[in-house]
Every structure is written in C-alpha cells, then in structure tokens.
Amino acid sequence: MYQGFHKNIKNNFGEKDPLNSNGDPHTRAPEEKVELRKKVTLLRGISIIIGTIIGAGIFISPKGILKNSGSVGMSLVVWIACGILSLFGALSYAELGTCIKKSGGHYTYILEAFGPQVAFMRLWVDMIAIRPAGLAVIALAFGRYILEPIFMPCGVPEIAIKLATTIGITMVMYLNSMSVSWTARIQIFLTFSKLLAIAIIIVPGLYQLFKGETKNFENAFEVNTVDLTGLPLAFYSGMYAYAGWFYLNFVTEEVENPERTMPLAICISMVIVMICYTMTNVAYYTVMSAEELLASDAVAVTFAEKLMGNFSVAVPVFVALSCFGSMNGCLFAISRMFYVASREGQLPEVLSMIHIRRHTPLPAVIVLYPITLLILFLGDIYSLLNFMSFLRWFFIGVAVVGLIYLRYTRPDMPRPFKVPIFIPAVFSFTCFFMVFLSLYSDPINTGIGFAISLTGIPAYFIFIHFERKPKWFQKLSGQRLHKCKWESSEYAQKFLSSYTLIIHIMMPDMPSSF
C-alpha cells in the first residue's frame, strides 16, 4: 500500500535527493519535490482554530470561572476579558506566523528568537508529557460521551471507555496519516457540528431571555458576592478555555497565502469563539441559577432537560463529536512541530519523512500513538497535566517575548502583519502572571513540573550537543540513515502494512484510499 517516504531535512532542505525510478508508476519524477502541500484555505484555517478551542468544557463544566469570580455578572466579564486577552495572543502569533513562514508554532518561534537550547526544552516537555497526556484526556472524554447514550441511565464501565478511547485515537491517527484534504474536510464538518450544538443552546436561551426570564441576572454584579482573591483563578480557567488559538501557526507552510489567511482566520475564529462562549453562558443563566449551574455534573444536559425534554440524550453525542474535532485538529498541528524539529536536527530524521503519494508526514503523525496509549492505560493522566499545564503558558509567554526581542534585534525582517507593541507586552505579562499564580496556588505540583522540564537540559547535551554517540543512536537519529533508502526498507513496509491492517480490522468500512 505504501510506496515509500522521502527525506526532508535541514541539511538538504530544498535540494532533496532524487528518488530512483524503479518502474513503479507511483514513483515521483526525480525533479519533482516531495513536500507538504498548501491545502489549508481560509475556511480550513478557521475550522482548525475553532475546532481545537471548543472542546467538551463549555458543554460539561464551564463552572471554574463562576466559582472563582463569585457572581453571574463578573463571570461574564471574565469570559469576555479572557477572550480579548487570548485575541492579543492570537494577534501576536499572527505577526510571528507572517514574518517567520515556517511550521512548528511555539517551537519555531523560540528557535528563531532564542536558539536551539531553549527550543529543545519546549520540544522535550511537549514530547514526553504535555501532548500525549493532553491528547489522552480529550480522547477519554470522547470515549465516555460516545458511549453514554448506550449505557443510559447506568454509568459507563471504565474498560469500555478506554476501548472506545483507543478506537477514537486510532481513527484520528489513521485519518491524519492518509490525507491532509480529508483531515481538513472532516475538521470543517466537526466544527460546524460544534457550532450547531452551541446554536441549539443559544437560540432557546435567548428566546427565554426575550420572554423575560431575567431573574438569575438580578443583582448580577452584587459586590458582596464578588471574590477578588478568586479572580486570578477565574482568569486562569478562562484562558485555559480559550487555549487553542495558536494551532494554525503549527501548519504555516501548508497555509495558502499565509500573509492574508493567517490574520483573517485568527481574527474571525477568536470573534466567533468569544461570542459563542459568552452567549452560551448567558443562555445557561436564563434557565439555571448560579447554584444550579455549580451543582450540575453536565451543564448542557441539565439545560436541555429543562427546556427540551428527551432531546437531552443528543447532548453527549455532540460532546463526543466536539472532542473528536479537538483531537483531530490538535494531532494535525502537533505532528508538524515534530516534523519541523526533525528537519532542524533535534529529533530522529525519520520524523521529517513525507509519504511520497499522500504527502503527509506519516512518521511524525504516528509517533504519539504508542506514547498516548501507554499513558492512557498505565499513567496518571490528570496528575501529569497538573504538573505540566503551567509550562504551556510559560513557553507561549517566551515565544511572544521573542516577538518583542526580534523587533529590536531584526528590525529589517519583513512583517506583512504588524501589531502595536503593547499587545504582545500585555499578553506576555498575562502568561507569566499565570505561571506565578501556579507557583503560588500549587507549589508542589508546579515544582514537580519544573523538575520534569529541567530533564531537558541533560537530554539536549546527550542527544543533540555531544558529537560522539553510540552507533545505534547515530542510526536512530538519522546521522547514518542516508546510507539506506526508506522507500525500499522491508521493516518500514512491514510496520506500515501492520498498522493499516489494524485500522481496517477496527474500521472495516473505512476506504483504503482517499
């Protein structure tokens, strides 16, 4: 099924070794480049951003902000304020994405501004913990809610959840391995499904509001209930809810006309998400009091039961589709970071290989598969996320500081899209404030997270910096890989054939080719 891969690394980027023709009609001509194609249009870019930002949280548990802000009115203010701050970060990344036209997101911008050591620290933390744990958490939510209508009113067995989760992860991996176009099309469909689900909540809620159901908004800004000490935690919850605006920057090289598409996609997406989040919470408050919302285990289900009766059974399906869209968009973006890191020589060369016919970075896509499943079945996912989540904001803050740094160190760099300097300054301050808040509120978990991240320092010197390495590691890292052609590798063919066979056993109706 697979005819081979082609290498695409920094040392010969743009001057790739020609593929030898062996009479195979699928083999590319020597002069044709094998590279990731520009298939991300404006609509697809918007679907990537919205599809990864909006997950299960807004449907199930949007209560962190209300709990820590102390009042209905203040919670809505925090939702809007966090949306504006996230827009500041997104606009900063729009400038970075249009002046540094490389995929990879945070990793690439830190590499350009501060060098390979700091960039590797970010890459190391992502690789060993943040990305596999984050993907596993989203997949677990998918597994739980896709099975909930089947097991209602009983609880879903844990083993069933993990099996459904494994199938969901496998489907996403397969889709991203096979076709960029179909990955983007399904992401568009899933994004519209999310927006439909949100519209099903907002429209009846606004109808109730126009009918005069405003009792839960009375004394919305009552001073006695506002908890000033909890506001920083409310902002932390809000910023986490908007996280995902940066994923389009991970696929910059595949964006059509990035100078125009990236700023437009980012601005349109953030405005849509801000409106959806704010209006969804307004709709909830037309039916539920603050106390009822905090007591609910699944807010959207409670809302639907009060207004729509049996239609509430459909809510878990929409939540599952929302989680699947988040998994799909996240994996599509993150695989490009591993691809770029391999091209820069900081990961094994195999991860920078592109499938000859499908033009997907297949090794970079499936590298998270075994790690994610291992964490899913053996690891303590939520503890791992508690250890590492603050590091996301730290490195995003570092990347945005890099924007300010590049303004002064490389003033002549072309900047088709440029934001006022106060925007990255305010946003980077917000990121570092969230890191400080983590240190203050949970010093033990934060300290463990820092300790895990510091293992990246010896890892950098062992795997990257030192020249003398064992022969087995040189082969793994690709320093000697040029002596063999992966397109004729028997082991690679067997591995990929086995992977495809597993997919078709689990999903017999899935077409073998897109």
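- Among residues two or more places apart in sequence or in another chain, the ring pair (Phe, Tyr, Trp, His ring centres under 6.0 Å) test is passed with Phe303 by Tyr284.
- Residue Phe427 is tested with Phe88, Phe433, Trp245 for a ring pair (Phe, Tyr, Trp, His ring centres under 6.0 Å); the sole match is Trp245.
- In this structure, the side chain of Ser326 engages the main chain of Gly51 through a donor-acceptor pair within 3.5 Å.
- No hydrogens or angles considered: nothing links the side chains of Lys194 and Ser47 as a donor-acceptor pair under 3.5 Å.
- Annotation for Ile396 and Cys431: closest pair CG2-SG, 4.1 Å, computed over non-hydrogen atoms.
- Between the side chains of Tyr369 and Thr170, at least one donor N or O sits under 3.5 Å from an acceptor N or O.
- Checking each of Thr166, Val172, Thr165 against Ile169 for a side-chain contact (heavy atoms from CB on, under 4.5 Å) leaves exactly one that passes, namely Thr165.
- Phe395 meets the ring pair (Phe, Tyr, Trp, His ring centres under 6.0 Å) test with no other residue; sequence neighbours excluded.
- Side-chain atoms of Ser86 never come within 3.5 Å of backbone atoms of Gly83 as a donor-acceptor pair (strictly under, hydrogens ignored).
- Trp124 and Thr455 share a donor-acceptor pair across their side chains, judged by distance under 3.5 Å alone.
- Without hydrogens or angle criteria, Ser342 side chain to Tyr339 main chain gives no donor-acceptor distance under 3.5 Å.
- More than 12 heavy atoms of other shown residues, nucleotides or ligands fall within 6.0 angstrom of atom CZ in Phe151.
- Within the 3.5 Å criterion, the main-chain N or O of Tyr109 finds no donor-acceptor partner in the side chain of Glu112.
- No donor-acceptor contact under 3.5 angstrom links the side chains of Asn68 and Tyr236, judged on distance only.
- For the residue pair Gln346 and Tyr107, a side-chain donor N or O sits within less than 3.5 Å of a side-chain acceptor on the partner.
- Counting only distance, with no hydrogens or angles, the side chain of Ser428 and the backbone of Val401 share no donor-acceptor pair below 3.5 Å.
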